[in-house]
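In what follows, a single structure is set out as structure tokens and then discussed.
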Amino acid sequence: MKNLKIDVVLGTRPEIIKLSPVLSELKRRKIRYHLVHTGQHYSFKMDRIFFKDLRIPDPNYLLGIGPGTHGEQTGKTLIKIEKAFLKEKPDIVLVEGDTNSVFATALAAVKLGIKVGHIEAGLRSFDRKMPEEINRVLTDHISDYLFAPTTMSKENLLREGIDKKKVFVTGNTIVDATLKNIKVAEKKSKILSRLSISKDNYFLLTLHRAENVDNKERLKEIILTIKELCKKYLIVFPAHPRTTKRLREFNLSKDVKKIKNLKIIEPVGYLDFLKLEVNASLILTDSGGIQEEACILNVPCVTLRENTERPETITIGSNIIAGWKKETITTGVHKMLKKKRRWKHPFGIGNSAKKIVDILLR
Ligand code: UD1
Ligand code: UDP
């Protein structure tokens, strides 16, 4: 069984983070694997910094895909990764999440008759306008092993007619990554002193969803709301490169930089980000992974979207859907600030990577 040939494929910041526990587990059990990086994310602070923070070995293959339209990114990945698979001939390919890298990889593999394992399967926002929703649905339907983080995500898959023999509830590897790295972050990260902030005296904000930042009207309204909130609260905002680019294109950069009490910074590494999360009094975000981490770290979250594929966080009360308008965001902030932090997160106990590898070996 130890001769199983596995290719682990990643391409973006959240995939690097969420696959890191799986890579550690494969290494611990001396199981051979190759690491393929599509290069969808490529800037140091979106890519290499995580290899350093999480002590991930260098990839065996770097495809250098980079930015582009959906068609370009998906098409280029499909062509390049097929070549890597033809050379490597893996028995199984592991992907995580819902990006263009993930869908293109799964499609290339399945057409070559290689088994596909999809980690974080079964998430649904039920919003087909989201590119990620298309990637999720398509990837799930061509995968052979579907590692669903919760029973809710398993039910989504069964409802779509996916064979229950293919579906395994494993928890989410983000719990493994968070629990392992939070201790290191608490010790090592100096981000609070670097930014002259202290526990519970700031909100943490992230924004990168195409539906928010590629739309001028929405981005303007969100920034206006942040400006209002900054009259009362300090906000730390590590800005995603997509957002920085759009702020510039929409001529909003100068206004944002002038907002008093808003600390806009470049994206930070995982240890610094965990430290910022756990010490924040509130998190405002449109990120998927950050909704989960906020829930795990017991920090109230306000989601700047109209839906979420993480509905478990809403049900247990760690998160609220606030949309993108000033009124709903402000109401959401006040509601979540009053919240008693009594929830128990639904994403597992931090042994998801072990469960996934056990299932693969079986
Ligand atoms: C992608 C995923 C999204 C995921 C996010 C994680 C898709 C369709 N979207 O969105 O689901 O939540 O990654 O962060 O796959 N850029 C850089 N440096 C980088 C990466 C991006 O400057 O390292 C800039 C480029 O201008 C690029 C833009 O950001 O055009 C968008 O990058 P892209 O990978 O296309 O999409 P994300 O918004 O990062
Ligand atoms: N993150 C980080 N530094 C940052 C912002 C986010 O390390 O400046 C981490 C965060 O801890 C989470 C992941 O990036 O694990 C989320 O990635 P992102 O929001 O880009 O993507 P999504 O989860 O929405 O797909």
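Ligands are counted one by one from 1 in listed order, and the atoms in each one are counted from 1 as well. Computed from heavy atoms alone, side chains included, the values below leave out hydrogens, waters and symmetry copies.
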Problem set entry | Identity and distance of the protein heavy atom lying nearest atom 8 (O) of ligand 2 | Val268 N, 3.0 Å
Exercise. Would you say atom 32 (O) of ligand 1 has a protein heavy atom nearer than 4.0 Å?
Worked result: no
Exercise. Counting heavy atoms not belonging to Arg341, are there more than 12 under 6.0 Å from its CZ?
Worked result: yes
Problem set entry | Lys NZ or Arg CZ of Arg48 over Phe51 ring: under 6.0 Å, within 45° | yes
Exercise. Is Pro238 touching ligand 2 with its side chain, its backbone, both, or neither, if touching means heavy atoms under 4.0 Å apart?
Worked result: side chain
Exercise. With backbone taken as N, CA, C and O and side chain as the heavy atoms from C-beta onward, which portion of Lys45 lies under 4.0 Å from ligand 2: side chain, backbone, both, or neither?
Worked result: neither
Exercise. Nearest to atom 18 (N) of ligand 1, what protein heavy atom do you find, and at what distance?
Worked result: Ser43 OG, 2.7 Å
Exercise. If you measure from each non-hydrogen atom of Arg209 to ligand 2, which part falls under 4.0 Å: side chain, backbone, both or neither?
Worked result: side chain
Problem set entry | Pairwise side-chain contact, Val169 with Phe147, heavy-atom cut-off 4.5 Å (strictly under) | no
Exercise. So which heavy atom in the protein is nearest atom 25 (O) of ligand 2, and how far is it from that ligand atom?
Worked result: Pro14 CG, 3.5 Å
Problem set entry | Side-chain H-bond candidate by donor/acceptor type, Glu96 with Thr173, under 3.5 Å | no
For this session: For Gly269 and ligand 2, answer yes if some heavy atom of the residue is under 4.0 Å from a ligand atom, otherwise no.
Result: yes
Exercise. Is there any N or O on Phe50 that sits under 3.5 Å from an N or O of ligand 2?
Worked result: no
Problem set entry | Any N or O of Ile17 closer than 3.5 Å to N or O of ligand 2 | no
Exercise. For atom 23 (O) of ligand 2, what is the nearest protein heavy atom, given as residue, atom name and distance?
Worked result: Gly289 N, 2.8 Å
For this session: Please write down residue, atom name and distance for the protein heavy atom closest to atom 2 (C) of ligand 1.
Result: Thr99 CG2, 3.9 Å
Exercise. So is Thr206 in contact with ligand 2, going by heavy-atom distances below 4.0 Å?
Worked result: no
Seminar exercise, completed: Quick look: Tyr270 vs ligand 2, heavy-atom contacts under 4.0 Å, and the answer is both
Exercise. Does a sphere of radius 6.0 Å around NZ in Lys325 hold more than 12 heavy atoms from other residues, nucleotides or ligands, not counting ones at 6.0 Å or beyond?
Worked result: no
For this session: Starting from atom 27 (C) of ligand 1, find the nearest protein heavy-atom neighbour and note its residue, name and distance.
Result: Pro67 CB, 3.8 Å
For this session: Give the residue and atom name of whichever protein heavy atom lies nearest to atom 15 (O) of ligand 1, and the separation in Å to one decimal.
Result: Asn100 N, 2.8 Å
Problem set entry | Side chain, backbone, both or neither: the part of Pro14 lying under 4.0 Å from ligand 1 by heavy atom | side chain
Exercise. Atom 35 (O) of ligand 1: which protein heavy atom is closest, and how many Å away?
Worked result: Gln73 NE2, 3.0 Å
Exercise. What is the closest protein heavy atom to atom 20 (O) of ligand 2, and at what distance does it sit?
Worked result: Arg13 NH2, 2.9 Å
Problem set entry | Short side-chain donor-acceptor distance under 3.5 Å, Glu120 and Asn172 | yes
Exercise. Quick one: salt bridge (charged side-chain N to carboxylate O under 4.0 Å, His left out) pairs with a partner in residues 172-200, sequence neighbours left out?
Worked result: Arg194-Asp272
Problem set entry | Contacting atoms of ligand 2, where contact means under 4.0 angstrom from a heavy atom of Ser287 | 16 (C), 18 (P), 19 (O), 22 (P), 23 (O), 24 (O)
Exercise. With a cut-off of 4.0 Å, which atoms of ligand 2 are near a heavy atom of Pro267?
Worked result: 8 (O)
Exercise. For Asp286 and ligand 2, does the shortest N/O to N/O distance drop below 3.5 Å?
Worked result: no
Exercise. Where on Glu293 is there a heavy atom closer than 4.0 Å to ligand 2, on the side chain, on the backbone, on both, or on neither?
Worked result: side chain
Problem set entry | Donor-acceptor pair, side chain of Asn60 and main chain of Leu35, under 3.5 angstrom | yes
Exercise. Would you call Ile290 and Phe273 a side-chain contact if the rule is heavy atoms closer than 4.5 Å?
Worked result: yes
For this session: Could you list who else is in Leu146's hydrophobic cluster, with ILVMFWY side chains joined at under 4.5 Å, directly or through other members?
Result: Leu157, Leu158, Ile162, Val167
For this session: Measure the distance from atom 38 (O) of ligand 1 to every protein heavy atom, then report the residue, atom name and distance (to 0.1 Å) of the closest one.
Result: Arg242 NE, 2.6 Å
Exercise. What's the shortest heavy-atom distance between Leu276 and Leu195, and which atoms?
Worked result: CD2-CD1, 4.1 Å
For this session: For Thr315 and Glu312, test the side chains for any donor-to-acceptor distance below 3.5 angstrom and give the result as yes or no.
Result: no
For this session: Can you pull out the closest protein heavy atom to atom 16 (N) of ligand 1? Residue, atom name and distance to 0.1 Å, please.
Result: Tyr42 OH, 3.5 Å
Problem set entry | Distance from atom 1 (C) of ligand 1 to nearest protein heavy atom, with residue and atom | Gln40 NE2, 3.7 Å
For this session: May I ask which of Arg209, Arg136, Glu72, His41 has a heavy atom nearer to atom 20 (C) of ligand 1 than the others do?
Result: His41
Problem set entry | Between Trp324 and Glu306: side-chain donor-acceptor atoms closer than 3.5 Å | yes
Problem set entry | Heavy-atom gap His240 to ligand 1 smaller than 4.0 Å | yes
